[in-house]
Amino acid sequence: MSKEVGQRKAAGEDVAELMKSMAGIGPRLKDVEATLGGVQAELRTLMAEIPNLPHTSVPAGSSEHDNVEIRRWGDPSQPVFEVKDHVDLGTQLGMMDFDAATKLTGSRFVVMFGALSTLHRALIQFMLDVHTREHAYRETYVPYLVNERSLFGTGQLPKFEEDQFLTTSDPSYYLIPTAEVPVTNLYRDVIVEPESLPARHVCHTPCFRQEAGSYGKDTRGMIRQHQFEKVELVQLVDPSRSWAALEELTAHAAIILEKLGLPYRVVTLCDGDLGFSAAKTYDLEVWLPGQQRYREISSCSNFEAFQARRMGARWRDPSTGKPALLHTLNGSGLAIGRALVAVMENYQTADGAITVPEVLRPYMGGMERIDRG
RNA sequence: GGAGAGGUGGCCGAGCGGCUGAAGGCGCUCCCCUGCUAAGGGAGUAUGGGUUGACGCCCAUCGAGGGUUCGAAUCCCUCCCUCUCCGCCA
């Protein structure tokens, strides 16, 4: 109609009456739009906090006790001597100092020195090399601070605000809780061509987590820290391939444990233990002699279209020629702090030293043994 | 941090409050011409969403969000980002 005004005016006609008839439309339209907007916002808010639907293959259960073991690898049998945990080992070696970290910052941090620090770095290098050279992941470097939209995209916000470290509030920048956030969000508002799928990224970053609600848990040692390193695997795939991709990705993470010679088992998380965004998750649990139990060292998930929907990550489906949601996956490959703990405890000797696993020696200048001094 | 400039289609680049979803150029696609290469002529060419068997039609989009107006790429406000100079700095 407004177009008509212009046309008639150009033709020299009188448009006063037409304009008068339209005068009331504006306010009415605005009113209706406001109502619609309100309803849509409400709907969005509600939907933002609804978790993903578990896949049909996910076992039912209410807690981690109902997770289902899939397989085991390696021999977790006891050495003949009395084993120490990583805290005693590291402290007695003079290479791990929790008190210092408490002084510098607070609880749930660690300071390391010397060969232990090098071992920590060696683990990172080793994992990055295996995943890039043997599993065809593209090494990726990303910001460690992200904005709210990124955390929304992968599902940490709005529901898990209390787990994040907020640094600035104008604009809101958060320390990343995992590389999953920046890496997956590379594809936010992006339509990728089918040729570039699957997109595979491997990314080493520090991770920062408040660990809210885990106050009494794992207070000893490096198992649960506010800051830890992780080498993360992220895949974006054709939706018809995502379940196969989850198996592959989990295998890529497991191979690291095998190369390191660390006994582990694979469990499928039951629906009660499943994360907010995941449709299915395999946890890799490494054997820790110091705790006499398996502990999570990697979590590999298929999110199907859940994250993709939140962030608008799409591909051009060749069968229709139209943009369609991708499927996203990720998994730790592996958590570095816990891998260090596992190496220390599994490779300890009777005299409190640590044998360096074969595959890490090239990364440590050939060092075979970490000993005092 | 200080001072300026600017964000328009795959790219470059115009744009008066009203037939501008957007001139022109480049690029790309198809056709014609030309016995090579090159040049030349013509036509077409934004994206996303919805709808249709299909032609098509409808909606949204000129950094983002608000506002003014019957009508905004164009005017006003807020924010984001980019560039240049200065300062600072790994």
Side-chain angles (χ1 to χ4, degrees), chain A residues 1-48 104-105 117 121 124-125 139-154 156-158 161 164 166-176 179 181-197 199 203-206 208 227 229 236 238-239 304-328:
Chain A
M1 273 173 101
S2 296
K3 214 172 224 176
E4 197 180 331
V5 174
Q7 286 168 19
R8 291 220 208 162
K9 212 169 182 177
E13 297 177 37
D14 181 22
V15 292
E17 201 170 317
L18 185 60
M19 280 173 64
K20 196 158 43 168
S21 74
M22 292 197 305
I25 295 177
R28 210 141 43 81
L29 187 65
K30 204 163 285 180
D31 197 49
V32 173
E33 276 176 350
T35 309
L36 178 67
V39 172
Q40 284 179 331
E42 202 177 324
L43 184 66
R44 256 201 312 280
T45 306
L46 287 171
M47 298 217 309
L104 300 177
T105 311
S117 217
R121 170 162 59 87
I124 296 165
Q125 304 275 74
E139 189 164 350
T140 305
Y141 176 84
V142 293
Y144 301 158
L145 291 173
V146 294
N147 58 32
E148 287 175 295
R149 281 199 65 192
S150 293
L151 282 163
F152 179 86
T154 32
Q156 285 81 10
L157 288 183
E161 168 94 47
Q164 316 304 323
L166 175 64
T167 59
T168 61
S169 53
D170 184 32
S172 290
Y173 285 169
Y174 294 83
L175 286 164
I176 56 171
V181 177
V183 176
T184 311
N185 274 281
L186 287 170
Y187 296 86
R188 168 148 49 84
D189 299 324
V190 166
I191 300 170
V192 298
E193 296 303 322
E195 306 84 71
S196 51
L197 295 180
C203 182
H204 157 245
T205 67
F208 302 92
Q227 170 186 320
E229 309 288 306
L236 290 97
D238 169 347
E304 293 195 290
F306 185 82
Q307 294 180 328
R309 187 174 299 113
R310 292 170 78 97
M311 69 175 75
R314 296 177 292 175
W315 70 309
R316 200 168 296 285
D317 185 344
S319 67
T320 63
K322 289 187 173 175
L325 294 173
L326 285 163
H327 280 191
T328 65

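Since this is a predicted model, take the numbers as computed values, not measurements. Quick note on labels: first sequence line is chain A, next is B, and so on, each numbered from 1.
- Take A:Pro143 and apply the side-chain contact (heavy atoms from CB on, under 4.5 Å) test, not counting sequence neighbours, and it matches no residue.
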Could you list all N or O pairs between the protein and nucleotides 49-57 of chain B that sit under 3.5 Å apart?
residue	atom	partner	partner atom	Å
B:rG49	OP1	A:Arg314	NH1	3.1

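- Nucleotides B:rU47 and B:rC85 have their C1' atoms positioned 37 Å apart, rounded to a whole Å.
- In this view, A:Thr105 and A:Phe109 satisfy the side-chain contact (heavy atoms from CB on, under 4.5 Å) rule, not counting sequence neighbours.
- A:Glu161 meets the side chain to side chain donor-acceptor pair (under 3.5 Å) test with A:Tyr174; sequence neighbours excluded.
- Using C1' as the reference atom, B:rA60 and B:rG53 are 26 Å apart when rounded to the nearest Å.
- For the side-chain contact (heavy atoms from CB on, under 4.5 Å) test, residues two or more places apart in sequence or in another chain that qualify with A:Arg314 are A:Ile191, A:Pro323, A:Leu325.
- The side chain to side chain donor-acceptor pair (under 3.5 Å) check on A:Thr328 picks up A:Gln307, with sequence neighbours excluded.
- With the 3.5 Å cutoff on both pairing distances, Watson-Crick and G-U pairs in RNA chain B assemble into runs of at least 3 at B:1-7 with B:80-86, B:10-12 with B:24-26, B:27-32 with B:40-45, B:46-51 with B:56-61, B:63-67 with B:75-79.
- Taking every heavy atom of residues 182-196 of chain A and every atom of RNA chain B, pairs under 4.0 Å involve A:Ile191, by number.
- Residue-level contact check: A:Arg149 touches neither bases nor backbone, having no heavy atom under 4.0 Å from any strand.
- For A:Glu229, the side chain to side chain donor-acceptor pair (under 3.5 Å) partners two or more places apart in sequence, or in a different chain, are A:His204.
- As rounded to the nearest Å, B:rG15 and B:rG49 have P atoms that lie 33 Å from one another.
- Place A:Arg316 and A:Pro171 on RNA chain B by their nearest nucleotides, and A:Arg316 ends up nearer the 5' end.
- Distance noted for atom C1' between B:rG48 and B:rU84: 35 Å (whole Å).
- Rounding to the nearest 0.5 Å gives a distance of 10.5 Å between CZ of A:Phe152 and CG of A:Asn185.
- Counting heavy atoms from C-beta outward, A:Ser150 and A:Arg188 have side chains that approach closer than 4.5 Å.
- Taking atom C1' on both nucleotides, B:rG24 is separated from B:rG2 by 39 Å, rounded to a whole Å.
- Here the separation of B:rG21 from B:rU61, taken at their P atoms, is 12 Å to the nearest Å.
- Nucleotides B:rC86 and B:rA73, compared at atom C1', are 34 Å apart to the nearest Å.
- With rounding to the nearest 0.5 angstrom, the OG1 atom of A:Thr205 is 3.5 Å from the CD1 atom of A:Ile176.
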Show me the protein contacts with nucleotides 58-61 of chain B, counting only N or O atoms at under 3.5 Å.
none

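- Considering only residues two or more places apart in sequence or on other chains, A:Ser319 meets the side chain to side chain donor-acceptor pair (under 3.5 Å) condition with A:Asp317.
- Between B:rC88 and B:rA14, the distance separating the two C1' atoms is 40 Å to the nearest Å.
- Side-chain contact between A:Leu197 and A:Leu326 is present, with at least one heavy-atom pair separated by less than 4.5 Å.
- Interatomic distance, CG of A:Leu175 versus OH of A:Tyr173, reported as 13.0 Å (0.5 Å rounding).
- For the pair A:Thr154 and A:Met311, the minimum side-chain heavy-atom distance is below 4.5 Å.
- Residues satisfying the salt bridge (Lys or Arg N to Asp or Glu O under 4.0 Å) criterion with A:Glu193, sequence neighbours excluded, are A:Arg316.
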